[in-house]
Each structure stands twice: as structure tokens, then as C-alpha cells.
Protein chains: 4
Amino acid sequence: MPKRSFASDNNAGVHPEIIDALKDANEGHVVAYGDDPFTARAVKTFEKHFGKGIAVFFVFGGTGANVLGLKAITNPYNAVICAETAHINVDECGAPEKFTGCKLLSVRTPDGKLRIEDIKPFLHGVGFEHHVQPRVISVSQATEMGTVYTKKELKTLARFAHDNNMLLHVDGARIANAAVSLNATLKEITVDSGVDVLSFGGAKNGMMYGEAVVFFDKKLATEFKYIRKQGMHLPSKMRFISAQFEALLSGDLWRRSATHANRMARVLATELAKLPQIKVTQPVESNGVFAEIPEKYVPVLQKKYFFYVWNEETSECRFMSSFDTTEDDIRDFVELVRKTVK
Amino acid sequence: MPKRSFASDNNAGVHPEIIDALKDANEGHVVAYGDDPFTARAVKTFEKHFGKGIAVFFVFGGTGANVLGLKAITNPYNAVICAETAHINVDECGAPEKFTGCKLLSVRTPDGKLRIEDIKPFLHGVGFEHHVQPRVISVSQATEMGTVYTKKELKTLARFAHDNNMLLHVDGARIANAAVSLNATLKEITVDSGVDVLSFGGAKNGMMYGEAVVFFDKKLATEFKYIRKQGMHLPSKMRFISAQFEALLSGDLWRRSATHANRMARVLATELAKLPQIKVTQPVESNGVFAEIPEKYVPVLQKKYFFYVWNEETSECRFMSSFDTTEDDIRDFVELVRKTVK
Amino acid sequence: MPKRSFASDNNAGVHPEIIDALKDANEGHVVAYGDDPFTARAVKTFEKHFGKGIAVFFVFGGTGANVLGLKAITNPYNAVICAETAHINVDECGAPEKFTGCKLLSVRTPDGKLRIEDIKPFLHGVGFEHHVQPRVISVSQATEMGTVYTKKELKTLARFAHDNNMLLHVDGARIANAAVSLNATLKEITVDSGVDVLSFGGAKNGMMYGEAVVFFDKKLATEFKYIRKQGMHLPSKMRFISAQFEALLSGDLWRRSATHANRMARVLATELAKLPQIKVTQPVESNGVFAEIPEKYVPVLQKKYFFYVWNEETSECRFMSSFDTTEDDIRDFVELVRKTVK
Amino acid sequence: MPKRSFASDNNAGVHPEIIDALKDANEGHVVAYGDDPFTARAVKTFEKHFGKGIAVFFVFGGTGANVLGLKAITNPYNAVICAETAHINVDECGAPEKFTGCKLLSVRTPDGKLRIEDIKPFLHGVGFEHHVQPRVISVSQATEMGTVYTKKELKTLARFAHDNNMLLHVDGARIANAAVSLNATLKEITVDSGVDVLSFGGAKNGMMYGEAVVFFDKKLATEFKYIRKQGMHLPSKMRFISAQFEALLSGDLWRRSATHANRMARVLATELAKLPQIKVTQPVESNGVFAEIPEKYVPVLQKKYFFYVWNEETSECRFMSSFDTTEDDIRDFVELVRKTVK
């Protein structure tokens, strides 16, 4: 197997600058569970990006970040509206339902992006006790289909949410990729666009582990420290997550890595699109490429490169790039595809 | 503040050999979520310690390990019997109740250790649908009071559990300290003593993060992979937990570190016991020292050394040693105490 | 307002024979919570209908019956597959998700009936820990759209369920109406058709309160008594539910009432269909009539008769008949409709 | 077996005036789920007793009333403080933990009554995220031991609760017996004493089924209608619960029945106390009598009269009287006891 594949941005390792930060943080004793100078510094760095007035909490991983963030802003009789393809809907083994008690109301979309027309029908039962009460619109940015919401689209969703007594939650496992894609700051595509709660992704952007839950209105987070602990996501040696975030966000590492990954995805898509047997199915707006590959070739390719078939019916496959993908990786893979489909 | 304190074994950093292992694991791509060679190797290492036939799963942290391990062997109408001082009972913000639905039936003990006489009264309601149904006896080894169950005590509890349709769960956040204390192998004090499920602690023994849930009967773990994912504790870049466990357990690092920490606790206790104003309250059998310090001195000491008051009523304080505690640390601290209480 | 409307079969009162049974049961003391002769007798009566080897439990209401029955046969990481219109999906305010922890996977259908083609795509993720694991197919019989599964359709679903490690659950809030519609016994359309668990409806068939959860394989019910109690559905004065079921099922009351209600629905549909402005939208197979009424007339009619608009987009309205609906009721109502739409 | 026993006030049937009310309510159609004139009237009657400004909701049973009332005023990381003997703690099969997610912190008491000295130690961890956060003090009035809180005791608890950011919840399964015992109105021992939420018991006071959750501050109940529905406790034919409450509370039926039951308990206790072999263990302040009966006689008596052994260690037994207990019942039973223990 090659050293690098396109199965997932989670298959990559850790950026060397992050490894260095971990080593540097390993000095002496600090209070556990977050009351330490590393965490204080990392929180300040988040404030530099997103503005004062936020509340930010670090957790172990992405499913925890999503589920606990949603828990903080819902009651169990609420509903969370999301795209059918949302990570919370299909890839968290029912963790949101189990921990929040909420129903997820999902919408079939062509591109992983919610539109307010999709959401309106769910509002018929507001105030009617037999129906779950929609409280959150949750979008993924970038989406699981590699697409990206524009700032305008986010604002429209946020306004609609707020006009209807709902909040806008963003699963930002790939928020860095989205910011780069939109040539925007992190602030512009979150708090400035009306987002209320954000899962800020670390692992898919080169960290070893660790995600952040960011509340853009501190009042939403008053009790979050209890939710995080009861949610089994209060890391004891917190400093090591904080130090990673500091390394990622105090300079431009987050942006460099995301820019590179996005560019690699575009290159891969461009190359695949040259093969007539292969159909790129989604606009490549972040670090994912979706392409239909004739079914018979898939197992042949998977012998050499591990990747996921996204849609068994259409033989649509997913390819993800990461901070460490190289042009050589792409050339080798495309060469194999070319040979195979001939 | 000194570089090292006695507040918690979580305040220490990471053992340098663990840091090296993390660096070494950061090479190329591997499949995420545990289907990687690092994890396969770490699982084999657990099997070397505990025997074939186990099922072992890595999770992010200790609360997750306890709660998810308990979830795997209970239904929500079950009860878990534990000591009042158990971490699951007092230090997990109700996570066990929230995620398992079970009631915890707690027993007041002098030393953090459960005895079958404490447990018997809870069995009156077995079969009576109005009462929760006891299903698990959960003990901490070493206990939160720094004491250690002997192999015989464990066997007695295990036999009693099994005779009464219950299972024996061990919160082994400090299982290494207990093994060292008993001069036993890990196997002798777990599977050989009748333990059914173990939370194997990493962080308190020098890892950065990561714990393991070990099932000594594979059948108990059939569905655990879903419980772990739905429980928000499936790490994406799993290899970095696996590599730490491999470093800890493939040689004698786990034993070296625990031996040192236990010895430092004994030294500290010996020194404190020399001060007539101070009363060491628990046998020092692992890496914790409990001592009553007259209330008025506590804030004075806490200005220089962060530590926890364990019992406000008696001014009993807790001091923990770790793999990196030095004799100098102890000398400096005891010196301060001596001066303060004079 | 007229004494009887068509809003819901829950708006009717209690059949006089049921009231008599309640009075008769009110004699002396009996042990609470079900260990009484009334309950023993009612259980026997269920066995007469469904055969020996069943386990039957009485609960307060229909949502409880559905949710607790599902809880008995699922783990929280499981999924329950149902029609989008299912009561469990839209009319229980998320109770199934909250209490079972499971995700509901819903299918859009034209007539409220599931088909195996709808279910198959959900099986792609079986064994994959990121996805919820389908464990139950839940159908409503009769459906919320007034349609009825044939025995053959049920058998097909049951076989498919069992072939795929799933169970077939029936929400039988209107099971009597379905049996009458199919000219079948209760046994033929449940256990003989492969159904595993049944919510047997009492209230919609003329009882005051009380539903039954029937397990056709006793092994599925081993622990149900605890689930019922923890699920807040163990009635203290159980005998009064049991006496009602005895009155309903020991003779032909259940069948008489359902036969009448079904007939009244057909009469109503026939009359409404004569009006060219009105379109009956579903086959009338039980006691519900669905009809599109031009939007402007709806509020006019609702001034005199309370009923529900089922689909705001199409102005489809629902009309339910019950054991006490009379031909006069229908004539009066249809007369009003006729005058209004002219 | 005799027609009446002393096992439980749930073993009695239904007061004849309640049966009449049920019959009278069975006329025509009304909207289901509570939007009906019977319910409107019953709510008004509650307001007459407790004052305007309350919010009252009817549910099926007592466990539901307790659990859902607690859910309305807690978050899952909260704790509920109660006596070890509380119904919520020992007789609801863990329903409170399962549905609210909260931990119950229980206090051993001699008489089933909480005192603030018992509660204070639980407040040490307020604000500390590792500990559950106490939010509710829950008392039973009358208690499960047959004792009754005075108004002063309630006020002391309420003030302490409110001073510490907690609320006072009352499990009033036997609130009528307590009011009679204190020669007080229902209002005096609830809202006037600082109680925040009350489970108002119907079944133990002669109803067939049905309890009420009463919030003395409407703001606490804003979302309760969803909690009730998601909690599986929204009765469809609500009018039949409402009619029972109307019959109970519009006149003095509630008081007559409770007065009688309390008096019968006193008579029974007086008679039992005359037997030197028997020790009445609790003050008889409501309708329960607790008495130690030498262990060997218990099975002999239970052959003729079903009753519960409350404490296996001391052979303490519980005897409950109800609205329909007669002096003959007592004479016969005491006669049997007398003969048996001789």
C-alpha cells in the first residue's frame, strides 16, 4: 500500500509543527482539566480569530464536539434539522439522538447543502405538543460532499433560523477548508454570518486529536462545562489539546494546510475529469472529490488504495486530500486509475 | 509555583518515551478509527499481558472508559454497586447515570474498598420490578483513597458477584500502581482474580491521553464497537493512542513509572507522619497520600502548592505522586509544611 | 358543536359495556400492579386470541406501548425503520428517540405502507460502527392513512426482517379495525403473519385508557417488567385496565365496534366522493377517510366540526369514525359540506 | 382472603363517587388530549385550591408525575436530593435517573424526613464541574414512613433550597393525608410553604388512575406540555382523568377519604401497640402504620393478609389504610395478629 491514500483526511498523520508543539508543552506540572496557561493562551487565540465574547471549550473529538454543542442548545423534545448526508445524521451511530434525546429531521439534498425551502415544512407543527419542536439548523461547512456554503447562504439560513426561534449550528470539521475556499476569515464565515455554535475541527486539519466547541454568544454556554464533563469529553491533560490549537491558529498553519489540501483536491478532480469513464459528481470546493467510477473497477483500485464508496447505487466514490498530500501521490493514483479503466 | 505539585497524577506531563512513540507513529497514512498496524500491535501487547480471549478497545479518556464499559454490561433498569468515594460516583458529573440510565448504589466505606457485607442488603429487591436490579459491582483499583484490594479480596467479590448474577468491573485508572503495590502481574489482579471488565488507565501512568476498555470474556464485547462510537469515544487517528499503549506495555515502562510513583508516595507519607500536627489517614498502598492538616494551614500551603481538600469536615487533604515526582520535590514540599505548621 | 365529530377516534367516549366492566371490577381489595385475578383473566383472554406462548403486558397508553415495546427489542445504537407518516415518527414528540436512544429511519410512502424496496438501502451500513444498526421494522396496522397491510404484505415484511436480523413491530392502535377490514382473526394478522411485537390498542376501540404490549416470543419479554416500570407505565390499580380488556376481548365487542367504525368510514367516503369539489385521496380500508377539501372551505367547516388538516400543502383533511358514529352524524356533516362547497 | 387488606392504599378500589363521575363524563365527543371542558373545569378547581398563577397538568400515574415534574426543573448534570426511603429513590426502578439523567443523592433518615443538616454536605461541589450540581430537594408528603412534614419544616427546607439556587419538589402521592393530618388546606402546605412543584396524588385517595403535576410558578412549566408528551404521559381521553379530579376536589371528597384513612391507621396502631410482642416504629401521622412483628409470625399472617415487610433486617412491616378500610377490617386483622403472636 502507498504511504498516503485518499480515503480520508483522518488517515493522514499529524503536522510536524503540531508534534513540536506537543513536545514543547511537555514541561513540568500544570493543573489538569483546563485551568492551565496553555489553555488560557489557546482561548485567547480563538478570541483573536472570532472576537471577544465567545466561549470556547476543547473536547477530544468531532462527534463529541457536535453532540455536546447541540446538547447545550436543545431540550430533548427539540429537533435538529440537517442534510441527509450530514455527519451527525449518518456517521455518528446515533450519538446525537442518544445523548441529546432530540430527533434529527433530515433533508435530501443534491449537494449536501440545506436551503430554507427544505426547512419550512418542518415548522408546521410548532407549538403542537405531539410534534418535536425544531430548535437548531445544523449545517456542515465544508459539507460532507465537498461543497461550501457561501457567506450569503449562511446568512440566509441564520436569519431564517433566528426569525423562527432556532439557532444555527455548524459542524466545522473542515471549517478551515471552507474559509480558504471562500477566501474569507474564520470570523466572516461564522459569527459574522450569524452562526451561533461551531464545532471547530482540529484533527482533519493536521492535529493529533482535539476539537473545539465555540459559542458565539456566551450565554449559550453558561452550563457547558457540566455538559462536557457529563458528556465524557473533559480531557484531563488538557494542555496537550490547547498547545495543538495554539500551534494551529496562532500563525497561519491552519490556512497553509487547508490551502494545500484544497488545491490537491482540485488537481485530483481535474485529472480524473480527463478520463471519460469517470464522472466528477460534485463541485470541488474544499478537499473532497466525488466521482462515479464504473463499479467493476472499484475493487481493482481498492487493492492498492483504500477509499470509500459513497453511494452503492451509483458507484460514487469519495477521495479526500490532506495537508500532506503530494502531487506525486495524485500522479501515481491517477496513473493507476487511467490504466485500470482503460 | 514549583514545576511539580502533588495535586493530581493528571498534573504531570507525558513520559518522554511516550512522546518518542508518538513521533515515531507519525509516518505516512494509515486507515483511521483503528484498522491500522499500530492498533493491531497494541492489541497483541494487551493479549500478552492478559491472555488470549480478551477484547480490548481504546477510548479517549477515563470517564469514557468507565461509562462505556458499564454500558456494555447493563440495561438501564440495572444498578451498579460501588463505594461512595468511587470516581464513577462522585467525579464524573453523573455521566454513568446519564449514559447508562442505571442507578448507582453507593456504600460508605472507611477506606474506599467494598466488602460483600455492604453489598448484600441491595439484593433484597432482586426480581421485584419496583427496584433497580443490581448487575455490576464496580471497584477502583487502586482506590480513590490510595488503598489496594488484595487478590483475595478481589476473588471474594468476583465470586459473590458471579453467584448473584452480577459482574465485577474495575476502574483501573491506577491499575499499574495497584499491580506494583501487590507485586503482581496485571493478569493476576484482573482476569485471574475474576474481574470481568477493566478500565485500563493510561493518562495517570504517563500517557498523554487514551484509556482501554478490556473485556475478559469476548462475548461481553460483541456490540461494544457501536457503544464506543455512539458514546463519542471512537478516536479517528487511533494509531496515536495505540502507539502510546505499545510504548507503555511492550516493555516495563508501565511498571517502572508506577513503582517510582508508589515509592514517592511512601516517602512523602513517612515525612509527613513525622510532623505531630499532621495525621496520615489512610494506608499508603499506591501513589496517593491522605492526611489531615489543620484547616488554618491549608490556604497557606495552597499558595505555593495546588492540592485538593478531600474532606472539608475533617480538613483531610490528598497528595498524589507521579512518574516524574522527585525526592527533591518531596523535600521542598515537606520543608514548607514543616515551617507552616510550626 | 355537535355531540360527535370526526376529528379523531380518541374524541369518542367509552363504550357502555366497558363502563359496566369498570363498575363490576370495583369490588374489594386486590393486589396492586397486576398480581390480581382480573389481570390473570385478561391475560388468558389474550392467549385465547393469540395462542399460548405469548407474553402480554398492560400499560397506560399508546405512546407508552410503542416506545416500551421497541425498547425491549433494541439497543440504543439500533435503528427502527418506519414510514414517514408513522405515529412513532411524527406524533410522539420524539418519545421513541428519547427513551430508546435509537434513530428512526423513515421512508416516504404514498399510502403509509412500507415495502421492502424502501428498506433495503438502509442495510448498506450493517456491521459498520459509524452507522446505526437497523433492528426493527415498525408498521402501523391499520396505517395512519387508513390503509391496511394484507397478510401477504405482512409476511413479506416479516420474512425480510428475520432474514436480516431484524424484528417486525406493529403499532396496532387500530389493529381491530385492520382485522375486521381483512376479515381475519387477530392471530392471523399478527403471530401467524410473523409479527414479533404488537402494541394492541384499547382506547381507539372504545376503552377509557389502557393498551397492551404483546410479545409473540416470550423470550423477548424476559426483562420487560423492569422496562415497563422504569418506563413509568406500570399502573397501580391494574385491575381496571384488565377488566376493560376482558370486556373488549372475551366476547365480540372489539369486533362489533371496529366493524361499525369501518362501515361508517366507508359511508362517509362514499358521500364525500359524490361532491365534485372533494377528492378522497386514500383507499378507505379502516376507520379513516382522507380527502382534499379546497383550502378556503376548511375554516368554515371547522367552525362547526373540529377536524385535522393532514397536509397543509394539499389541504388534505382527515376524518375518523368511531364505535359511536351514527348515520345521522354523517348525514348532518355531509350536508354541511355540501352546502359549504357549493 | 379478606375483601380488604392493609398491603397498600393502591389495593383499594375506586370511590363510588368517582365511578359516578366517570359515567357522567361519558357523553358525546370532546377534543382529545385535554382541550375539553372537563379538563378546563378541573384546572379551575385546582386553581381554587392553590390559587391563580399555577400551571397544572394531568398524567397517568405517580411515577410519571414525579419523574416528569423533576425533568421540568433539572438538567441532566443536576442532582436531586431526597431521603433514602423516597419513592423516587427506591420504588421507581430507576425511572428518575433514566428519564432525567440526574443523579439522586439520598440521605439516610430515621423517619423518612429530610433536614437541612443532611443536605448541606452535598453543596461542597457547587460550581465544580466534576460533581453533579444539586438543583432539587424532593420530599414526600406524607412520607413513605407515614410521617408528615410540618408547615414550618417545609418552609425551612424551601428557604434553604431557594437560598442555594435549588427548588423544592413534593411527591404528594399522599398529600391529602398530610393536609388532613396537619389540619391544613392544600394551599397552606404547598405554595404557602414555599413548594415549587407538586405531584398531586389521585390513585391513593380513591381515584382509578391519574395524578397531577402542579407548578406554583407558571414559568417553570413553559415547556412541560412537550415533556409530558415525550414522557409518554399525555392521556388521549383526558376528560376521564379530569372528571375524577373534579369529583375529588370540587367538594370535600378528598378530605373525607383522607380523614377516614388516617383515622383508621391510628386505630390500627393503637390496637397493635397493645400487643407486647409488637413494636410500632413510627409516629402514625397519616395512613401508614409501621410495626416490627417477630419474624416467625410474618408468614403466618401473610397467609391471610397480604402486606409488605419493609425492612428484612428488623422484620418491620408496613400496613396502609385507605378510604374504604372499616373498623371491622381492623378488628378482624388485629384479632388474627393477637392469636398468632400469643
Side-chain angles (χ1 to χ4, degrees), chain C residues 1-5 7-14 16 19 22-23 25-33 35-36 59-68 91-95 97-99 203-204 207-210 226-237 239-241 306 322 324, chain D residues 1-5 7-14 16 19 22-23 25-33 35-36 59-68 91-95 97-99 203-204 207-210 226-237 239-241 306 322 324:
Chain C
M1 282 271 183
K3 285 272 179 160
R4 273 182 294 277
S5 78
S8 169
D9 28 10
N10 278 332
N11 291 14
V14 179
I19 293 279
L22 288 172
K23 274 191 295 185
N26 194 32
E27 173 68 26
H29 283 196
V30 301
V31 174
Y33 301 113
D35 191 8
D36 67 79
V59 296
F60 285 119
T63 296
N66 283 335
V67 171
L68 303 187
D91 281 314
E92 301 186 350
C93 197
E97 286 90 344
K98 170 81 173 78
F99 196 79
K204 291 190 164 93
M207 279 174 52
M208 185 181 282
Y209 68 108
Y226 306 115
I227 293 174
R228 177 172 61 174
K229 179 61 197 175
Q230 193 176 40
M232 306 176 280
H233 267 267
L234 177 63
S236 58
K237 297 183 177 175
R239 59 167 137 166
F240 295 102
I241 292 182
F306 181 69
S322 54
D324 64 351
Chain D
M1 283 267 184
K3 285 272 179 162
R4 274 182 295 276
S5 78
S8 169
D9 28 8
N10 279 331
N11 291 15
V14 178
I19 293 279
L22 287 172
K23 275 191 294 184
N26 193 31
E27 173 68 29
H29 284 197
V30 301
V31 175
Y33 301 112
D35 192 9
D36 67 79
V59 296
F60 285 119
T63 296
N66 283 335
V67 172
L68 302 187
D91 281 315
E92 300 185 351
C93 198
E97 286 90 345
K98 171 80 173 80
F99 196 78
K204 291 191 165 91
M207 279 174 53
M208 185 181 283
Y209 68 108
Y226 305 115
I227 292 174
R228 177 172 60 176
K229 178 61 196 175
Q230 193 176 38
M232 306 175 279
H233 267 269
L234 177 64
S236 57
K237 296 183 178 176
R239 60 167 136 167
F240 294 103
I241 293 183
F306 181 67
S322 53
D324 64 351

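Numbered from 1 within each chain, the chains take letters A, B, ... in sequence-line order.
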Contact summary for C:Asn11 and D:Arg239, nearest pair of heavy atoms: O-NH2, 3.2 Å
Toward chain D, the part of C:Glu97 with a non-hydrogen atom under 4.5 Å: neither
Any side-chain heavy-atom pair of C:Met232 and D:Val59 under 4.5 Å: no
D:Ala7 versus chain C, the contacting section by heavy-atom distance below 4.5 Å: neither
Test item: C:His233 and D:Phe60 side chains (from C-beta on) under 4.5 Å apart, heavy atoms: yes
Donor-acceptor under 3.5 Å (D:Asn10 side chain, C:Lys237 main chain): no
C:Tyr209 ring center near D:Phe240 ring center (under 6.0 Å): no
Donor-acceptor under 3.5 Å (D:Lys229 side chain, C:Ala95 main chain): no
Pick from D:Met208, D:Glu92, D:Met207 with the largest number of heavy-atom pairs that fall under 4.5 Å of chain C: D:Met208
Most chain C-contacting option - heavy-atom pairs closer than 4.5 Å, from D:Asn26, D:Ile241, D:Thr63: D:Asn26
pair C:Asp324-D:His29: side-chain heavy atoms closer than 4.5 Å: yes
Which atom of D:Lys98 lies closest to which atom of C:Phe99, heavy atoms considered: NZ-O, 2.8 Å
Part of C:Asp9 within contact of chain D (heavy atom distance under 4.5 Å): backbone
For chain C, the option from D:Ala32, D:Pro235, D:Gly231 that forms the most heavy-atom pairs under 4.5 Å: D:Ala32
Contact class of C:Asn66 relative to chain D, heavy atoms under 4.5 angstrom: neither
Test applied, side chain to side chain contact (heavy atoms under 4.5 Å, CB included); reference residue, C:Lys23; option that passes from D:Leu22, D:Val14, D:Ile19: D:Ile19
Toward chain D, the part of C:Ala12 with a non-hydrogen atom under 4.5 Å: both
